[in-house]
Protein chains: 2
Amino acid sequence: MKVLVADDDADLRELIAFTLMQAGHLVVKAGDGPAALRHFGAEGPDLVLLDINMPGLSGFQVCETIRARSRVPVMMLTVRGEEEDLVRALGLGADDYLTKPFSPRTLLARVKALLRRAGMESTAPLAAGRISLDLEEHTVRIGAAEPVRLTKLELRLLQMLLANAGHAVNPERLLIQVWGHRSGGDRQLLKQLVHRLRQKIEADPAAPAVLRTAAAGYKLVVD
Amino acid sequence: MKVLVADDDADLRELIAFTLMQAGHLVVKAGDGPAALRHFGAEGPDLVLLDINMPGLSGFQVCETIRARSRVPVMMLTVRGEEEDLVRALGLGADDYLTKPFSPRTLLARVKALLRRAGMESTAPLAAGRISLDLEEHTVRIGAAEPVRLTKLELRLLQMLLANAGHAVNPERLLIQVWGHRSGGDRQLLKQLVHRLRQKIEADPAAPAVLRTAAAGYKLVVD
DNA sequence: GCGTGTCTGTCACCCGTTTGTCACCCGCCC
DNA sequence: GGGCGGGTGACAAACGGGTGACAGACACGC
């Protein structure tokens, strides 16, 4: 599942991101409110974690804006003892809250619960057509073939493509999704990753039938 | 769509940003010229709103620099009564202008118009008459014929002509829209591009039936 | 701690496609 | 005839995707 983590505290943000990634989630990070909204619009996450105190726009404003456009689950991060903030957040449509400090274990439990409540159990294999991903096993199965083991990056790339199965995904977006940041110039990384993935999943890597190069990026052919 | 808003007046900047976000756009904000260029490079916005009076670099300079690198639509924000500034801005390649003060409604209408003109209001296939463009696949289909693959430039040219289907578009405008920079003398580029496009889409390239030469430029015959 | 194997980032290179540029053609008009 | 502007063919440079090689980073078992 794709999770948007918005917190202006870089250390905490990285800790959360790391914890979620370890659990097999894709993470999009934002350091302030506007960035959170930007990524929300661009990435379409399945879950949003929002700190209340952020520069630019507060978590409240971000939550409100998101709620005006989507019913994606939103979890607020609050400092203990600011109950009035909490009430306000829930009133704005937030689904859950977590008081700092919290343990990674607590975080994961709450995230899992929230995703389950939203009907997106995170361990369910992603699938489209003849392609199915097993996020826990880090494997992909195509048609009747044996499941193939994937590395972390390969898994993320496939996950992104699978989420847009049949449609081209542009390289910039893939770079952001798979590596997190990296502005422009890193096409080479993507080339290599695609190459390595093709070696694993294509019957004939020289003539890709599944992971095709499209005019505007790469796409998955699922039939 | 992602919009870069550059204005040194923080209040106005926030108002514009808010208005655009309400309309579903992603907004990147800049308070001066250098920041605008920095964000332009990093974010790759689909539209740029530029105030003329900004510290660091003026809107003129920013516009010129952007035009040297991109054909992204640029809208200038001017104070009423400074027509000479306006003329200068349009000469530098700006696509539209807005005189302050303006209402949010006006702003949105202009932004929408500009994005439509630039052919990016959606990735849905553009069509007019028997001609339809698939922006994702980079193909064009004319009548019942097989879709034809287009290069990046051919696609842009066709997109511009299709946006004005049935009417002639003058060469200056096409040069700016397709190549972004290149003020005057580069007719030859356009000639070649038209030639190559005709080879691909015309049944008889020597007697063009679709992409016709008109008195004032080129036009697409769509019926 | 240490070796081992895997994963990832980076480099150099190949090759087909795309693009920019030049020379030249033709028809038209003064 | 000569200038002008559009159309055409040819060619070289630039670009971009694909590939193999390699070294450092990393995880893991001992």
Side-chain angles (χ1 to χ4, degrees), chain A residues 18 21-22 24 137-140 148-158 161 168-172 174-219, chain B residues 68-71 137-140 148-158 161 168-172 174-175 177-202 204-219:
Chain A
F18 177 73
M21 278 158 145
Q22 287 289 94
E137 296 293 326
H138 279 210
T139 59
V140 60
V148 178
R149 281 201 46 124
L150 300 176
T151 70
K152 208 169 37 180
L153 293 183
E154 290 161 354
L155 186 76
R156 280 200 217 150
L157 176 61
L158 255 189
L161 292 172
V169 184
N170 76 31
E172 282 76 18
L174 291 174
L175 280 172
I176 291 175
Q177 282 303 322
V178 176
W179 283 270
H181 47 111
R182 289 178 194 279
S183 47
D186 261 338
R187 292 289 180 94
Q188 180 60 16
L189 282 177
L190 187 55
K191 279 202 305 190
Q192 275 298 339
L193 187 58
V194 166
H195 181 228
R196 284 160 180 162
L197 190 47
R198 278 174 174 161
Q199 297 296 327
K200 288 191 178 182
I201 66 173
E202 295 281 359
D204 176 6
V210 178
L211 203 177
R212 302 276 284 271
T213 304
Y218 294 98
K219 75 174 174 181
Chain B
R69 289 196 281 163
S70 161
R71 50 170 218 100
E137 295 292 330
H138 282 203
T139 58
V140 60
V148 178
R149 286 202 43 137
L150 300 175
T151 71
K152 214 169 30 181
L153 293 184
E154 290 161 354
L155 186 77
R156 277 196 218 154
L157 175 61
L158 213 42
L161 292 172
V169 184
N170 78 34
E172 312 301 334
L174 289 174
L175 279 172
Q177 306 269 34
V178 176
W179 282 271
H181 47 115
R182 294 176 193 279
S183 47
D186 257 337
R187 292 292 182 93
Q188 180 58 17
L189 280 177
L190 186 55
K191 280 203 304 190
Q192 273 299 339
L193 187 58
V194 166
H195 180 228
R196 283 161 178 160
L197 190 47
R198 278 174 174 161
Q199 297 295 326
K200 288 191 178 182
I201 66 173
E202 295 282 359
D204 177 7
V210 178
L211 203 177
R212 303 276 283 271
T213 305
Y218 296 96
K219 76 173 175 180

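Letters go in sequence order (proteins before strands), and every chain restarts at 1. Every value quoted in this text rests on a predicted model; they were computed, and no experiment measured them.
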Quick one: does R187(A)'s side chain get under 4.5 Å of Q192(A)'s, heavy atoms only?
no
Distance in angstrom units between [X] [atom1] and [N] [atom2], rounded:
X       : N       : atom1 : atom2 : answer
R212(B) : dG7(D)  : CZ    : P     : 12 Å
D186(A) : dG16(D) : CG    : C1'   : 15 Å
L197(B) : dG7(D)  : CG    : P     : 12 Å
L175(A) : dT10(C) : CG    : P     : 12 Å
L150(B) : dT19(C) : CG    : C1'   : 15 Å
L190(B) : dT19(C) : CG    : P     : 14 Å
L174(B) : dG6(D)  : CG    : P     : 12 Å
L189(B) : dT18(C) : CG    : C1'   : 13 Å

5' precedence on DNA chain C between K200(B) and K191(B) (nearest-nucleotide basis)
K200(B)
Any side-chain N or O of T151(A) less than 4.0 Å from the OP1 or OP2 oxygen of dT8(C)?
yes
Ignoring backbone atoms, establish whether W179(B) has a side-chain N or O less than 4.0 Å from OP1 or OP2 of dT19(C).
no
Please check if the side chain of [X] supplies one atom and the backbone of [Y] the other of a donor-acceptor pair under 3.5 Å.
X       : Y       : value
E137(B) : A214(A) : no
R156(A) : V178(A) : yes
Q199(A) : P205(A) : no

Can you find a donor-acceptor pair, distance only, under 3.5 Å between [X] side chain and [N] base?
X       : N       : result
E154(B) : dT19(C) : no
Q188(B) : dT8(D)  : yes
R196(B) : dG20(C) : yes
Q192(B) : dG9(D)  : yes

Would you indicate which nucleotide in [options] comes nearest to any side-chain atom of [X]?
X       : options                  : answer
R187(A) : dG9(C), dT10(C), dG17(D) : dG17(D)
H195(B) : dG17(D), dG20(D), dG9(D) : dG9(D)
Y218(A) : dG18(D), dG9(C), dC7(C)  : dG18(D)

Using a 4.0 Å heavy-atom cut-off, does L193(A) contact any base of the nucleic acid, only the sugar-phosphate backbone, or nothing at all?
nothing
Spatial distance of atom CG (L158(A)) from atom CG (L197(A)) [nearest 0.5 Å]:
4.5 Å
